[in-house]
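What follows is one structure encoded as structure tokens, with my remarks underneath.
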Amino acid sequence: MALSLIDALNLIRGWNESIDEELNKKHALPSLGTLVFGERKLEIHGPEVYLGRFHPQQGPVDILFTDFEDHEIYKFAAPHVRLILEKKQWYLRSKAPNCWTSINGQELDHTSPRVPISTGDVIKVGCVDFVFHSHLEDLELWLKEKKAIFRSETETSLFLKRDGGVCGPRFVLGNLKEAVIGRAFDPKYAAKLDLAQPDWDLSSLKDFERKFIGFRHISFLRDGPDWTVRVLSHRQKVYVNRRAITDSVLLMAGDEVALGNVAFHFHDPSNFEASTSKRTSELPESIDWAEGSRADIAALATEPTEMSEDDD
Amino acid sequence: MFKPDQRIEFGNAPTTLKSQYLGDDESGVYLAETAGRSSFFHFGMSAPPELNEVRSSLAFSVKEDQFLVSTNASLVPFEDNVWRNLSKTEMIDALMRFVDQIGKLHDKNIWVHGIRKNEIFWNDAEKEIVLVVYPRVRKNLKSGEETVWRDFKILSVLLYEGFQNRDFPGGHDIAAWLQDRDKLIDEGLMYPGMTQFLAGAVSPYGDLAFKDWKAVRLSLEQILKELQDVSGFVVGQHSTIGNYIFRKNNQDSCGFIQLGAICGSVKYKSGFFCVADGIGGIQDGEKASGLTVESACSGFARAWADLGTEGLAQDPTYYARLVAKHVGQTLAMEGEFSPDENRGGTTLSGMIIAKDRAGICHVGDSRIVLIRNGILYALTSDHTLATILEKLGEKTAEEIANDDLAQRTISRFMSTSAEVDFDRVDDFCDKAKNNFPEIRDSGFLKIRKDDVFIFTSDGAHGETDDDGTLTIVMDNLEDPQRIAEALTQNAVAQFGRDNSTAMVVLVL
């Protein structure tokens, strides 16, 4: 029998990464919807989610399209679509200029208004057809479980988010003066550069999550009751409420801090309402690189009616 | 008396006897058809019920004095031509499994009492010999060297005919030759392990005789060890900046590490071989590819130090991909802790060879090809925009072939900013899996003596096609260094736009 992945990797790299099984436990919240593609399922654990590729310039997405073939990934935008649950109705908005999106064959582009979607709808994203399934029957349970998770923590903490919702694992900042978050690295760098290993080691995240996490990515600094996040990594991005930051930012209850494409919810129990009811921030609008190009102008010329309708 | 197309009762399956295969009267073996498939019936002789257990996978069952031997359509009467065209490894493997079949009977004190060629069949799907009739089978015989010899003497016939590709001269002649060194040399019977086996198989009595089936199997295992051993590799490598005026340095790297040990008659040879093509700024690309080769080789060495060749041979592809994953993490650490010097990336195409097994890891548009018996086989598929466009079907093959940008744009690489996902480290491409079924079955390629593996950066393979590569290899077949130099010089002669690197591994 060949060695397990982690044992074999520890052997090959000559130093050990520890395993934190907590980081990969089943999602703590029920799913509110599912996108089915063949035998694969993408579960939606939040009422407002971005889906697509992650591009550092554009900001984090909630559900990353991973495990697809190269040519399928090539056709995904970063982000590609946004799903919003509002008044017990799911809506979809295409966010991708020049990338294919359709619902049951009806084409959408990034200027199209949002479209209601229901169970059984076929959503084409790039060249992949997903079948959507809504689980609105679990909405009450979702709200109850979400509150229960936050109530279970009485200290200032960071909650890991996955697929649009807090999923369970957390790091308690509490009364610490400073906490560094990142992932374990070769002790030879620690010795050579006199650097400590991170206080919260995220090595055990899935490959597609950890790849954009720096080894010493961010630092949380406490000044009385206030917490500030400071960027440490020279290579990996940090986003607060989906806007990239390059230095330090004072955090507010309910803020979302993302390391690469992995998001965390900043929970301050002293401000429970703000901490638990903040909406997900929107990503900046995607840049339409084709805008103003000859092809784009030609397309406008052939579709005057559609454009004028939109303008109205 | 037997009549053609005679129907017989056999369980619920309608069965028709087609022809008599063995025997002169009603007792014997008949070719029959059961539910549209060929089968064999044996009449007139009671078979011990224990025989049922021998080949249960072949639907072997007993009914009164009849027993169905097989309903397996791929079973065919043993043919010398088929046997002699097998590889030596396949022959020994088949003989060993045959010994296991007989050994199970011997353990139950059942003795076949001699086996003839027309009593065995060949299962080509499984590459195995199947004993289909037991006309002289006996229970509770007094075991001893002679009874063992009687059941296994056919093995000396099969081994001799398979290895020497000529008819067996008879046990007496072999016994005489074994005492005459010159005659053995003349007859070409000096193959390691074979002379010892023949001595045991033709000796009914005495010190040389096989004591039991396990001794027969051990002797075959010894021959297999001799066959399986890869005695080593010869490696040639060459890399050049090329002569394109805008290329200021060579960002390609390649390297290998060979490790060997001899334990008894087993030679443990293993190695890691790789090529990496740097991308990025002038220095960053060179640094990324150099670091990749260094960390890949050292990672392999650490794995070998702990697992040994045997451990790596259990799954060489898995370990090769893990080496790539380790390299990805090393690059990411360098990128994070020395960001000003490490902003590049690189391709990586590497191979672990352990014993006679090879596994690969592949990210990017460098290539590994195998040349075997004058045929070039691709082992990797380029991670380029051209491959993506081909899969999307949005452009014609001709348009893609002429799209220089698509050919040169890579869709996966090892980056200093984000370590590669394990799932995105490829192994053998689909074409290789179709050409070599063992890759689909077990995940690794079985290497053979005289195999030539070529590792190239796109600067080398991008300036020629498969036929051109093959011509260069065949013209310099005995000298891997000359092949490597010829491949890179060919790119220089084309005034290629890229650095050009080739590493060539010849299996001895």
Side-chain angles (χ1 to χ4, degrees), chain A residues 1-15 17 54-56 64 66-75 100 126-127 182-195 198 203 205-217 232-237 260-261, chain B residues 295-296 298-307 311-330 332-340 342-343 381 383-385 387-394 411-412 415-426 443:
Chain A
M1 274 291 287
L3 291 178
S4 72
L5 191 86
I6 184 74
D7 289 341
L9 267 173
N10 283 341
L11 191 73
I12 289 168
R13 61 184 151 221
W15 55 277
E17 266 185 7
F54 168 62
H55 193 289
L64 193 69
T66 184
D67 283 346
F68 287 89
E69 301 277 323
D70 281 5
H71 67 284
E72 292 165 336
I73 292 172
Y74 177 71
K75 288 287 184 181
W100 186 286
C127 57
R183 58 192 173 104
F185 52 94
D186 190 337
K188 85 177 180 201
Y189 290 97
K192 189 171 137 191
L193 303 170
D194 193 23
L195 293 172
S203 306
L205 291 178
K206 295 174 174 115
D207 263 12
F208 65 85
E209 295 173 318
R210 68 178 234 160
K211 68 189 284 187
F212 292 110
I213 290 191
F215 300 93
R216 286 172 55 86
H217 200 137
L232 297 180
S233 175
H234 296 283
R235 297 302 292 272
Q236 305 301 344
K237 291 270 192 178
N261 197 53
Chain B
S295 61
S298 58
F300 167 77
R302 277 192 289 271
W304 180 86
D306 201 274
L307 300 169
L312 291 170
Q314 285 180 9
D315 199 341
T317 297
Y318 174 65
Y319 289 112
R321 292 177 64 227
L322 285 171
V323 164
K325 173 74 183 154
H326 154 65
V327 169
Q329 192 172 24
T330 305
M333 284 188 289
E334 282 290 317
E336 175 108 19
F337 295 124
S338 305
D340 296 335
N342 293 284
R343 305 200 75 85
S381 170
H383 296 138
T384 59
L385 181 56
T387 310
I388 287 174
L389 294 175
E390 191 183 326
K391 282 208 171 171
L392 285 170
E394 292 180 356
S411 57
R412 290 191 209 180
S415 168
T416 52
S417 63
E419 73 185 51
V420 67
D421 300 18
F422 184 61
D423 288 345
R424 289 177 65 74
V425 178
D426 270 358

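Naming convention: chains lettered A, B, ... in sequence-line order (proteins, then strands); numbering from 1 in each chain.
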Proximity breakdown for B/L312 and chain A, heavy-atom pairs closer than 4.5 Å: neither

More than 12 heavy atoms of other groups within 6.0 Å of A/K237 NZ: no

SB check A/E17 A/R210 (cutoff 4.0 Å): yes

Test item: side-chain donor near acceptor, B/H383 and B/D426, under 3.5 Å: yes

Residue selection (most heavy-atom pairs with chain A, distance under 4.5 Å) from B/A418, B/S415, B/S411: B/A418

Contacting region of B/E336 [heavy-atom separation from chain A under 4.5 Å]: both

Pair B/K391-A/E72, salt bridge (charged side-chain N to carboxylate O under 4.0 Å, His left out): steps then yes or no: CA-CA 9 Å; B/K391 282 208 171 171; A/E72 292 165 336; over 6 Å; no

Any side-chain heavy-atom pair of B/H326 and B/R302 under 4.5 Å: yes

Option in A/K211, A/K192, A/H234, A/R216 with maximal non-hydrogen atom pairs under 4.5 Å from chain B: A/K211

Leading residue by heavy atom contact count with chain A [cutoff under 4.5 Å; candidates B/D315, B/L322, B/D423]: B/L322

Proximal component of B/T416, with respect to chain A [non-hydrogen, under 4.5 Å]: both

Top contributor to chain A interface from B/G335, B/A305, B/A303 [non-hydrogen pairs under 4.5 Å]: B/G335

Proximity breakdown for B/F422 and chain A, heavy-atom pairs closer than 4.5 Å: both

Winner by heavy-atom pair count (cut-off under 4.5 Å) against chain A, out of B/S417, B/A301, B/S295: B/S417

Within 6.0 Å of OH in A/Y74, more than 12 heavy atoms from elsewhere: no

Segment of B/D421 engaging chain A (4.5 angstrom heavy-atom cut-off): both

Ring centres under 6.0 angstrom apart (B/F300, B/Y319): no

Heavy-atom proximity to chain A below 4.5 Å, by part of B/E394: side chain

When A/T66, A/L3, A/D186 are compared by non-hydrogen pairs under 4.5 Å with chain B, the top option: A/L3

A/D70 and B/R412 ion-paired at < 4.0 Å: yes

Side chain, backbone, both or neither of B/Q329 within contact of chain A (heavy atoms, under 4.5 Å): both

Residue part contacting chain B, namely of A/Y189, when any heavy atom lies under 4.5 Å: side chain

Proximity breakdown for A/L5 and chain B, heavy-atom pairs closer than 4.5 Å: both

A/L193 portion near chain B, given a 4.5 angstrom heavy-atom threshold: side chain

Side chain A/H217, main chain A/G214, donor-acceptor under 3.5 Å: yes

Side chain, backbone, both or neither of A/L195 within contact of chain B (heavy atoms, under 4.5 Å): side chain

Under 4.5 Å from any heavy atom of chain B - which part of A/K206: neither

Test item: side-chain donor near acceptor, B/T387 and B/T384, under 3.5 Å: yes

A/R183 bridged to B/E419 by N-O distance under 4.0 Å: yes

